[in-house]
Protein chains: 2
Amino acid sequence: MHPEPVATRRVQRATITDVARLAGVSISTVSRVLNETAPVADETIERVRHAVDILNFTPHAAARMLAVRKTDTIGLLLPEIGSSFFVPTLRGIEAAVREAGLDLLIFTGTPGGQRRREWRQPLGEHNTDGLLVFSDLLEARELTLLFQHGFPVVLLHRSAPVGTQIPSVRFDNRSGVRKLLEHLIREHGRRRIAFVRGPEGNEDSFARESAYREVLEAHEIPLDPALLMENGFTEQGGEAAVQRLLANNVACDAIFTGDDEAAAGALLALRRAGKRVPEEIAVVGFDDVPLSRHLNPPLTTVRAPIETASYLAARQLVRLIRNDTADAVTLLPVELVVRQSCGCP
Amino acid sequence: MHPEPVATRRVQRATITDVARLAGVSISTVSRVLNETAPVADETIERVRHAVDILNFTPHAAARMLAVRKTDTIGLLLPEIGSSFFVPTLRGIEAAVREAGLDLLIFTGTPGGQRRREWRQPLGEHNTDGLLVFSDLLEARELTLLFQHGFPVVLLHRSAPVGTQIPSVRFDNRSGVRKLLEHLIREHGRRRIAFVRGPEGNEDSFARESAYREVLEAHEIPLDPALLMENGFTEQGGEAAVQRLLANNVACDAIFTGDDEAAAGALLALRRAGKRVPEEIAVVGFDDVPLSRHLNPPLTTVRAPIETASYLAARQLVRLIRNDTADAVTLLPVELVVRQSCGCP
DNA sequence: ACAGTCGCTGAAAGCGCTTTCAGTATACCG
DNA sequence: CGGTATACTGAAAGCGCTTTCAGCGACTGT
């Protein structure tokens, strides 16, 4: 497993000065042919290009950033990257970032949850041209501070702190939950619907829960606190929640998990307990991650345009960086996708 | 969807000079208290810290990089981030990167596959302290060039180009395939085993295919070219491959897909065609992504330590950056995980 | 009492680029 | 033919940091 270790010695990198010397011009000229910022004689261009090739010259990004005072980089702040929710999320962001010709710096939260608050901010205002924040890692007051400094920030799946106008893009959670639960109630006559919520402080989870309460109320179904469970938007969380539900023997004919991963866990627990889904208990989720159609039975859920959301968020950020303007809020419509776990054939 | 657009005006950032002025010291002193590189009087430290707080000062990363001549950033080169394989991969890398106190710059390949080859290399030798390369995006000759320059690079799921000693970390694919197929052959008596391979040029896929051939040979099963299909390590690819297989009516009693996502697709196609899995056709995959245990039936596969691999790769890179040494090759053991899709109860 | 140390600090040189600014040579206009 | 724009180029001044270098005072040891 550990054969010959390998060693390395660094080689001095070429700088713009080397190129200039080799081409017999000044560094200003080299800079000009590289950036095409001023007319340069064809013959000179040729010489410079040639020198660049010979020396395999690549400009030192930091020097460039320092001189032009921008980084052409955007930062992405993520919670711990756990679920498959991140695959489309990252794709969307990456697409937008590449389209804009920027680079992407990623920073994720520590599992422990405690943030590193040091003087050297990894994604601070100085290291990137803007920040895409997905997670509750950054506290409201830090966001506010950033906003007040006019530093470009956009929020993904989280709304702006009061007092700020930070652009955000989110799903229309309420409408999704409404469609989902009404389907369960009207089409399948379920009324004892458990809700397995996401982590404390997660806005999506909060919105979904309050929509859940609204729908129950609208149908005059009393809310049974025993049907409300925690999880954390993870498979294990969903599994544990359902285990608890079953252990406590609380009657229920449907489970709505705040997200699909939890639904997967719920399904696992239900099967292990010998419950038939959907006959005895229906299960529905939210998000429609790629996993969902493969579940057994295939999961009825709400399709959230995950990739689109992150793509648009990144685009907003780019707009904010380049034009100093963006849409305050982008609310993305979601769509009910009926598969079999709700009881439909 | 697009309410009031929001506008922003930038605010001038504080520099070390501002801090120095406010604290009534020289910038050298400020730098020293920030970096703790030389003794500074307690009272002075206090004044500087205070000034830093007041001004909300964060050092300009580019300036720092330029001065110290390192970026404290590592670059990650990914293929298009498509499958859930990336979730553990990113986690592992992120963990290692954070442990080492570095930042992570991500660059993924263009979907079209053509690389941007411009003078301004996004992840070039100048923008990061080292590169973690997962994908065949970078050609062998570019890797070689980097290696010759002594630029730290480590390869993930890809072996070093001939002539270089670039460290790499990979799975022990052959052994995994052997265990998997021998199980299929010995325990379940399957002999017409189709193989759905990954994308051209993917080393994992190549290794798995050649191991497949070896195992067949060892069991004196003739290789039927009709049983060899392309896909691309995607769900859709696996689905399409199996559709083709069925359409051509080629007899087969098992399908081995080069990865689990493709297995998920295969399962879908099989079910749609009314084939019973595993009774009529067994299906096995490779990787054991989180999805696999949820498939219907749960997928027998080979567990590859995806997160560990990327974690170790990142650690090797850090070692290479800091100590100029690393292990030439790290081969990670894999493990058969038997579920129901092979025919086991 | 004096050289040698040590704690602490500021001036200044650089890191590798971009970008004015100034300048020369050539073209073009009336 | 004088004047003015135009193509092209180099010197030099930064961008915001780190890091020598040198210096000053206060201690130490002999």
Side-chain angles (χ1 to χ4, degrees), chain A residues 10-49 51-52 55-73 119-121 124-129, chain B residues 10-49 51-52 55-73 119-121 124-129:
Chain A
R10 313 288 170 96
V11 149
Q12 189 59 35
R13 320 268 51 257
T15 74
I16 200 175
T17 310
D18 301 324
V19 176
R21 183 164 35 230
L22 181 57
V25 298
S26 72
I27 61 170
S28 331
T29 299
V30 175
S31 174
R32 285 192 271 252
V33 353
L34 256 23
N35 300 304
E36 302 181 346
T37 52
V40 174
D42 287 351
E43 195 256 355
T44 311
I45 292 184
E46 203 38 59
R47 282 216 314 284
V48 171
R49 291 249 165 83
V52 166
L55 296 176
N56 210 271
F57 169 76
T58 298
H60 194 100
R64 181 167 218 282
M65 293 176 190
L66 188 56
V68 302
R69 282 127 123 229
K70 50 177 198 151
T71 62
D72 276 340
T73 298
W119 60 272
R120 218 186 120 221
Q121 296 280 83
E125 322 185 24
H126 279 298
N127 301 1
T128 57
D129 291 347
Chain B
R10 311 289 170 95
V11 150
Q12 189 59 36
R13 320 268 50 257
T15 74
I16 200 177
T17 310
D18 300 324
V19 176
R21 183 165 34 230
L22 181 56
V25 298
S26 72
I27 61 169
S28 330
T29 299
V30 175
S31 173
R32 286 192 270 254
V33 352
L34 256 22
N35 300 304
E36 302 180 347
T37 53
V40 174
D42 287 352
E43 195 255 355
T44 312
I45 292 184
E46 205 35 61
R47 283 218 313 284
V48 171
R49 290 250 165 84
V52 166
L55 297 175
N56 210 273
F57 169 75
T58 297
H60 194 100
R64 182 167 217 282
M65 293 175 191
L66 188 56
V68 302
R69 285 129 116 221
K70 50 178 197 148
T71 62
D72 277 341
T73 298
W119 61 271
R120 218 186 122 221
Q121 296 280 83
E125 322 185 26
H126 280 299
N127 301 1
T128 57
D129 291 347

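Chain naming here is simple, since letters A, B, ... match the order of the sequence lines and numbering starts at 1 in each.
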Asks: Any side-chain N or O of B/T29 below 4.0 angstrom from OP1/OP2 of C/dG10?
Replies: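 Yes, such a contact exists.
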
Asks: What is the distance from CG of B/D72 to P of D/dT18, rounded to the nearest Å?
Replies: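 After rounding, the reported distance stands at 12 Å.
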
Asks: Provide, to the nearest angstrom, the distance between the CG atom belonging to A/N127 and the P atom belonging to D/dC17.
Replies: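 Those two atoms, CG and P, are 11 Å apart.
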
Asks: Roughly how many Å is it from CZ in B/R13 to C1' in D/dC15, rounded to a whole number?
Replies: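 Rounded to whole Å, this separation is 15 Å.
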
Asks: Please round to the nearest 0.5 Å and tell me the distance separating atom CG of B/L34 and atom CD1 of B/I45.
Replies: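 Spacing of CG (B/L34) from CD1 (B/I45) equals 11.0 Å.
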
Asks: Would you state whether a donor and an acceptor, one from the side chain of A/R32 and one from the base of D/dG10, lie under 3.5 Å apart?
Replies: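 Under the 3.5 Å cut-off, the side chain and the base do form a donor-acceptor pair.
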
Asks: Nearest 0.5 Å, what's the CG-CZ distance between A/N56 and A/R13?
Replies: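 One finds 7.0 Å between CG of A/N56 and CZ of A/R13.
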
Asks: Whole angstroms only, please: what is the CZ-C1' distance between B/R47 and C/dG10?
Replies: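 Computing the B/R47:CZ to C/dG10:C1' distance gives 13 Å.
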
Asks: Within less than 4.0 Å of OP1 or OP2 of D/dG16, is there a side-chain N or O belonging to B/T15?
Replies: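 For D/dG16, neither OP1 nor OP2 has a side-chain N or O of B/T15 closer than 4.0 Å.
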
Asks: How many angstroms lie between CZ in B/R64 and CZ in B/R69, if you round to the nearest 0.5 Å?
Replies: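 Those atoms lie 14.0 Å apart.
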
Asks: When the distance from CE of A/M65 to P of C/dT18 is rounded to whole Å, what number comes out?
Replies: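 The distance from CE of A/M65 to P of C/dT18 comes to 12 Å, rounded to the nearest Å.
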
Asks: Whole Å only: how far is the CG atom of B/D18 from the C1' atom of D/dG16?
Replies: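 The answer, rounded to whole Å, is 10 Å.
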
Asks: Starting the side chain at C-beta, find the nucleotide from D/dA7, C/dT19, C/dT9 nearest to B/A41.
Replies: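 Closest of the options to the side chain of B/A41: C/dT9.
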
Asks: With rounding to the nearest 0.5 Å, note down the distance linking CG in A/D42 to CD in A/E46.
Replies: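 Spacing of CG (A/D42) from CD (A/E46) equals 8.5 Å.
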
Asks: Which residue, A/A63 or B/V40, contacts DNA chain C at a nucleotide closer to its 5' end, judged by nearest heavy atom?
Replies: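 Comparing both residues, the 5'-ward one is B/V40.
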
Asks: Please state whether the phosphate of C/dT18, meaning OP1 or OP2, lies under 4.0 angstrom from any side-chain nitrogen or oxygen of A/S31.
Replies: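 Looking at the OP1 and OP2 atoms of C/dT18, one of them is under 4.0 Å from a side-chain N or O of A/S31.
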
Asks: Which nucleotide in the list D/dC8, D/dC17, D/dG16 gets nearest to the side chain of A/L66?
Replies: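 Nearest nucleotide to the side chain: D/dG16.
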
Asks: When you measure from the side chain of A/T37 to the backbone N and O of A/N35, does any donor-acceptor pair fall under 3.5 Å?
Replies: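 A pair under 3.5 Å: no.
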
Asks: Among C/dA12, D/dG16, D/dT9, which is the nearest nucleotide to the side chain of B/H60?
Replies: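 My answer, after comparing the listed nucleotides, is D/dG16.
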
Asks: Examine D/dT9: is either OP1 or OP2 under 4.0 Å from a nitrogen or oxygen in the side chain of A/T44? Give yes or no.
Replies: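 So the side chain of A/T44 is within the cut-off, an N or O lying under 4.0 Å from OP1 or OP2 of D/dT9.
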
Asks: Please compare B/P39 and A/I16 by the position of their nearest nucleotide in DNA chain C and report the one closer to 5'.
Replies: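 Taking each residue's closest nucleotide, the earlier one in sequence belongs to B/P39.
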
Asks: Rounded to whole Å, how long is the line connecting atom CZ of A/R64 with atom C1' of C/dG16?
Replies: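 After rounding, the gap between these two atoms is 12 Å.
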
Asks: Atom CG of B/L55 to atom P of D/dC17: distance rounded to whole Å?
Replies: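 Answer to the nearest Å: 11 Å.
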
Asks: Of all the choices, C/dC15, C/dA11, C/dC17, which nucleotide is nearest to the side chain of A/F57 once you look at every atom?
Replies: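 Selected nucleotide: C/dC17.
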
Asks: Pick the nucleotide of DNA chain D nearest each of A/I27 and A/A38; which residue has the one closer to the 5' end?
Replies: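 Result of the comparison: A/A38.
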
Asks: Where the side chain of A/V25 is defined as all heavy atoms beyond and including C-beta, which of D/dG10, C/dG14, C/dG10 is the nearest nucleotide?
Replies: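 Of the candidates, D/dG10 comes closest.
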
Asks: Once you round to the nearest 0.5 Å, how far does OG1 of B/T128 lie from CE of B/M65?
Replies: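 So the OG1 of B/T128 and the CE of B/M65 are separated by 10.0 Å.
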
